[in-house]
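These notes concern the structure reproduced below.
Each residue takes its place number in the sequence, starting with 1.
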Amino acid sequence: MNNISVVIPTRHRNKNLEECLKLLSPEEQNYPAEAYEIIVSDDGNKSTAESLIQNKFSWVKWVKGPAKGPAANRNNGVKYSKFDWIAFTDDDCLPSKNWLKSFNEAIEANPEINVFEGKTEADRIKRRFNEVAPINAEGGLLWSCNLMVRKSYYLKLGGYCEDFKFELEDIEFRTRVQKDKQPIIFVPKAHVCHPWRIINNRYKVEYESVLIFLDKHPDHQKHYNLSTRLKIITMMSFSLFRDAFKFRFRGIDYALMDLLYEFKSAFVIHFKVVENQKQIRKTA
């Protein structure tokens with residue numbers, strides 16, 4: 001039996017967090033209560049989850065987050081952990097009863113492995129363009145909402161990169177794991193549900209995160225070159241027309257804005273990469 005610290009970053013989503021914590025209670029999880037702990041790292045500023053946890057989940061450890069984005073918030077939660085394994089999920093996820101048990105079985109069957117990922121699915125089929133959920137039904141993605149990592153390895157790797165303030169920190173973490181030639185075991189029975197969430201007027205900063213990523217991993221520039229991105233945008237355009245009637249045009253304004261943003265992002269990244277390459281040649 002392995003001792004597990006579950007780290008959940010949160011920010012202004014107490015209703016979602018409450019549902020998540022209910023499913024992680026000793027009454028719900030098929031795992032000994034003494035063998036795991038729950039740490040909620042809270043980046044809230046307008047409100048926090050501290051009173052919610054004190055009143056309804058006294059067995060949960062609440063800690064104040066650093067307010068530097070989700071990557072730093074996860075790292076902050078790990079600082080307060082006391083066990084050898086770290087399980088990450090998000091405040092808007094619904095872990096299954098056998099979530100921790102399944103990860104434990106995978107660890108015992110693969111004692112040399114440092115990183116495991118669980119299965120993440122939505123609660124139903126998608127109904128709108130502006131619904132999002134980080135689906136990982138077959139593995140290989142290592143989304144931060146459902147994974148288990150040996151704490152010593154996580155710390156050795158440096159945790160999540162805090163240069164990422166909004167997104168792509170999980171892709172960058174996965175890239176470092178892969179470059180370290182570490183196997184990642186997919187554990188389908190370690191299942192969480194991530195319900196579809198509606199996004200409106202989302203402030204997108206993906207291209208800024210991509211530039212940070214490429215600065216750290218310039219060997220990945222081929223995945224973000226202009227021709228590759230334009231092919232993706234073309235596929236997105238076909239998908240938009242294909243799904244318009246299926247979704248009854250619900251959220252199509254978001255889809256159109258998203259497409260325009262991706263087009264802009266492709267050229268911003270392209271010219272920034274070209275500029276960086278010129279600077280490298282000048283200093284060579």
Side-chain angles (χ1 to χ4, degrees), residues 1-104 118 120 123 132-134 143-151 154-155 159-160 162 164-167 169-170 190-199:
M1 184 68 64
N2 293 278
N3 293 327
I4 301 170
S5 296
V6 179
V7 173
I8 306 173
T10 194
R11 184 178 185 271
H12 302 153
R13 294 200 294 202
N14 285 4
K15 183 177 180 181
N16 296 139
L17 178 64
E18 183 174 357
E19 295 303 312
C20 178
L21 293 178
K22 286 178 182 177
L23 296 175
L24 288 172
S25 69
E27 293 79 20
E28 291 291 332
Q29 281 295 305
N30 291 328
Y31 207 65
E34 67 276 9
Y36 73 101
E37 64 173 350
I38 308 292
I39 302 161
V40 171
S41 185
D42 190 349
D43 261 354
N45 49 26
K46 298 177 183 178
S47 64
T48 72
E50 185 175 15
S51 60
L52 167 69
I53 289 171
Q54 288 176 345
N55 294 332
K56 294 188 176 183
F57 307 101
S58 58
W59 42 272
V60 172
K61 183 186 297 184
W62 178 91
V63 298
K64 183 174 178 56
K68 296 179 180 179
N73 206 16
R74 293 187 184 94
N75 290 343
N76 183 66
V78 173
K79 291 178 184 177
Y80 292 89
S81 63
K82 64 181 181 182
F83 292 142
D84 295 334
W85 287 91
I86 307 295
F88 286 105
T89 192
D90 287 346
D91 58 3
D92 57 348
C93 286
L94 304 172
S96 61
K97 289 179 178 292
N98 292 319
W99 185 56
L100 294 175
K101 178 183 177 183
S102 298
F103 270 135
N104 178 70
T120 305
D123 52 334
V132 297
W143 296 145
S144 55
C145 64
N146 187 7
L147 69 95
M148 177 82 72
V149 58
R150 198 186 303 269
K151 182 179 178 180
Y154 181 83
L155 296 175
Y160 285 101
E162 298 183 10
F164 296 91
K165 307 302 180 185
F166 300 96
E167 54 198 351
E169 75 279 357
D170 44 8
H191 176 269
V192 303
C193 172
H194 190 295
W196 293 106
R197 304 298 183 199
I198 293 179
I199 293 181

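- Atoms CD1 and NZ, from Ile39 and Lys79 in turn, are 12.5 Å apart once rounded to the nearest 0.5 Å.
- Judged purely by distance below 3.5 Å, without hydrogens or angles, the side chains of Lys151 and Ser81 pair a donor atom with an acceptor atom.
- Asp90 pairs by the salt bridge (Lys or Arg N to Asp or Glu O under 4.0 Å) definition with Arg74, not counting sequence neighbours.
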Quiz item: Given Asp43 and Thr10, is the side chain to side chain contact (heavy atoms under 4.5 Å, CB included) satisfied, shown in steps?
Solution: CA-CA 6 Å; Asp43 261 354; Thr10 194; over 6 Å; no
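- Taking the salt bridge (Lys or Arg N to Asp or Glu O under 4.0 Å) definition, one finds that Glu50 meets it with nothing, sequence neighbours left out.
- Side chain to side chain, Trp99 and Asn146 meet the donor-acceptor criterion of an N or O pair below 3.5 Å.
- Panel note: side chain Ser102, backbone Asn98; a donor-acceptor pair is recorded below 3.5 Å.
- If you look at Tyr36 and Phe103, their ring centroids are not closer than 6.0 Å.
- Counting only distance, with no hydrogens or angles, the side chain of Glu37 and the backbone of Lys61 share no donor-acceptor pair below 3.5 Å.
- The two atoms that bring Ile4 and Phe83 nearest to each other are O-CD1, 3.2 Å, heavy atoms only.
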Acceptor/donor pairs from residues 190-198 side chains to any protein atom, 3.5 angstrom cut, sequence neighbours excluded:
| residue | atom | partner | partner atom | Å |
| --- | --- | --- | --- | --- |
| His191 | NE2 | Glu121 | OE1 | 3.4 |
| His194 | NE2 | Asp92 | OD1 | 3.4 |
| His194 | NE2 | Asp92 | OD2 | 3.1 |
| Trp196 | NE1 | Arg124 | O | 2.8 |
| Arg197 | NH2 | Asp92 | O | 2.9 |

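- For the atom pair OG1 (Thr120) and CG (Leu94), the distance works out to 11.0 Å, reported to the nearest 0.5 Å.
- Remark: the backbone N or O of Gly69 is not paired with any side-chain donor or acceptor of Asn73 at under 3.5 angstrom.
- Here the straight-line distance linking atom NZ of Lys56 with atom CD of Gln54 works out to 13.5 Å at 0.5 Å rounding.
- Residues Tyr160 and Leu147 approach most closely at OH-CD2, 3.2 Å, considering heavy atoms.
- Under a cut-off of 6.0 angstrom, the local environment of NZ in Lys165 is crowded, with over 12 non-hydrogen atoms contributed by other residues, nucleotides or ligands.
- Of all the heavy atoms in Ser41 and Pro66, the pair that sits closest is OG-CD, 4.5 Å.
- Between Glu28 and Lys97, the shortest heavy-atom contact is OE1-NZ, 2.7 Å.
- Between Trp62 and Thr48 there is a side-chain heavy-atom pair separated by less than 4.5 Å.
- Counting only heavy atoms from C-beta outward, the side chains of Trp59 and Ser25 approach each other to under 4.5 Å.
- To the nearest 0.5 Å, the span separating CG on Asn14 from CG on Asp42 amounts to 7.0 Å.
- Using a 4.5 Å cut-off on side-chain heavy atoms (C-beta onward), Asn76 and Val63 make contact.
- Under the 4.5 Å side-chain criterion, counting only non-hydrogen atoms from C-beta, Asn104 is in contact with Tyr31.
- With contacts defined as side-chain heavy-atom distances shorter than 4.5 Å, the pair Val149/Phe88 qualifies.
- In plain terms, the two heavy atoms of Cys93 and Pro95 that are nearest each other are O-CD, 3.5 Å.
- Counting only heavy atoms from C-beta outward, the side chains of Asn3 and Asp84 never approach each other to under 4.5 Å.
- Here the closest non-hydrogen pair linking Lys46 and His12 is N-NE2, 3.1 Å.
- Considering CG of Asp91 and CD of Glu18, their distance stands at 12.5 Å, rounded to 0.5 Å.
- To the nearest 0.5 Å, the span separating CG on Leu21 from CG on Leu52 amounts to 7.0 Å.
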Quiz prompt | Worked verdict on Val78 versus Leu155 for side chain to side chain contact (heavy atoms under 4.5 Å, CB included) | solution = CA-CA 9 Å; Val78 173; Leu155 296 175; 4.3 Å; yes
